[in-house]
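What follows is one structure encoded as structure tokens, with my remarks underneath.
Start at 1 with the first residue, then count along the sequence. Given the structure is predicted, the values throughout are model-derived calculations rather than measurements.
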Amino acid sequence: MSEPAPDLRTQSLINHLQPGAVRTVKVTGFDGSDVLVQLVDDEGGATEIGRIPRQEASMRRMEHPSELFEVGQEIDAEEIGRWREGQLHLSARACEIPALRSFLLAFERGQVVTGTVSEVHNFGVFVHVDGEPDGLCTGFIRVPDLTWAWINHPSEAVEAGQRITAEVIIAETRSGQVTLSLKALQEDPLIRFADHAGRVLTGPITKIVPFGVFVQLAPDVAGFLHLSELTDEPVETPDQLVDEGELITVKVAEVDLQHHRVRLCTAGGAGVSHDWSQEA
């Protein structure tokens, strides 16, 4: 089996969030809600002008960065890039808690860590990662990284207080968080299903969307049947033809391991060519 193609958008985001070099800077003033700084060289002299955007000033709540910084104050800040005709932008929040920064910099992508689920929300799960600084919650798991199974809410996968083992996706000094994945340590159920291409199966409809339906084919495996496969008659949505939970017989037209999807067609058909990966 070939390795999955890298997700270029995800890799670009990870590259953008990788920690930058730490520079000592001197606060020179404020431009609106941004902090203007001068970089300080090894001899203590001021060099080029830089900028700390408001959102990069601190992890603490504030009305204006002047509540936290004074003109002439020296602070450490992380380089995050150059904008506005090459002006250097920096993040003070990335260096605000030295113990947190040291903790996050120790992680590597793919590293396996343990922790305890702190909070479960509809947008993801917060985790107390073992060894994190006291008083902080550094781990976060996005909903797509919880499980290969279809779930309606993260509480179907984990609960508060549960001990977990997860894989590191990225540790971000600017957010003070390490993004984790439970799914990365689970076997992809589609691998076991790969030899089902061409088979006729019957399963319940688990989800109806405007352009088709998803059908449960095996534990943690669902395939997509496009609306055009359901009928030759003009209909606006599939729910005019079928209901969730209804059993339907389909043929597995394709098992795409690279993009992790299963395309279905009617039991007597060859299937339609339709890219639904961005619509689901």
List, one per line, each side-chain donor-acceptor pair under 3.5 Å for residues 140-148, sequence neighbours excluded.
{"from": "R142", "atom 1": "NE", "to": "D145", "atom 2": "OD2", "distance (Å)": "2.9"}
{"from": "R142", "atom 1": "NH2", "to": "D145", "atom 2": "OD2", "distance (Å)": "2.8"}
{"from": "T147", "atom 1": "OG1", "to": "A149", "atom 2": "N", "distance (Å)": "3.1"}
{"from": "W148", "atom 1": "NE1", "to": "K183", "atom 2": "O", "distance (Å)": "3.4"}
{"from": "W148", "atom 1": "NE1", "to": "Q186", "atom 2": "O", "distance (Å)": "3.2"}

Tell me if a side-chain donor or acceptor on [X] pairs with a main-chain N or O of [Y] at a distance below 3.5 Å.
X	Y	answer
E246	D243	yes
H128	L136	yes
H259	R261	no
Q73	E70	yes
T28	L36	yes
H121	F123	no
E167	L185	no
Q216	A218	yes

Original post:
Going by atom types alone, do T116 and R163 pair a side-chain donor with an acceptor below 3.5 Å?
Top reply: yes
**OP:** For T202 and T249, test the side chains for any donor-to-acceptor distance below 3.5 angstrom and give the result as yes or no.
**Re:** yes
Charged N to carboxylate O below 4.0 Å: is that the case for [X] and [Y]?
X	Y	result
E48	R23	no
D220	R192	no
R60	E67	no

Original post:
Checking side chain to side chain contact (heavy atoms under 4.5 Å, CB included) for the pair L264/V252: CA distance, chi angles, key distance, verdict?
Top reply: CA-CA 5 Å; L264 306 176; V252 180; 4.2 Å; yes
Hey, quick one: are [X] and [Y] part of the same hydrophobic cluster, counting side-chain heavy atoms closer than 4.5 Å, chains of contacts allowed?
X	Y	result
F126	F103	no
L241	I248	yes
M59	I80	no
I49	V71	no
V168	I170	no

**OP:** For the pair E244 and T206, evaluate side chain to side chain contact (heavy atoms under 4.5 Å, CB included) and give the outcome as yes or no after the intermediate values.
**Re:** CA-CA 6 Å; E244 284 193 12; T206 57; over 6 Å; no
Original post:
How many angstroms lie between atom CD of E229 and atom CG of L227, to the nearest 0.5 angstrom?
Top reply: 10.0 Å
Original post:
What's the spacing between L68 CG and R61 CZ if we round to 0.5 Å?
Top reply: 14.0 Å
**OP:** Test E78 against every option in R101, R93, R174 by the salt bridge (charged side-chain N to carboxylate O under 4.0 Å, His left out) rule and name the one that passes.
**Re:** R101
Original post:
What do the steps show when you test V242 against I208 for side chain to side chain contact (heavy atoms under 4.5 Å, CB included), and what is the final call?
Top reply: CA-CA 9 Å; V242 294; I208 297 176; 4.2 Å; yes
Subject >> Residue list, side-chain hydrogen bond (donor to acceptor under 3.5 Å, both in side chains) with D34, at least two apart or on another chain >> reply: R51
**OP:** Assess whether side chain to side chain contact (heavy atoms under 4.5 Å, CB included) is satisfied between F107 and V129, documenting all intermediate values.
**Re:** CA-CA 11 Å; F107 289 113; V129 180; 4.0 Å; yes
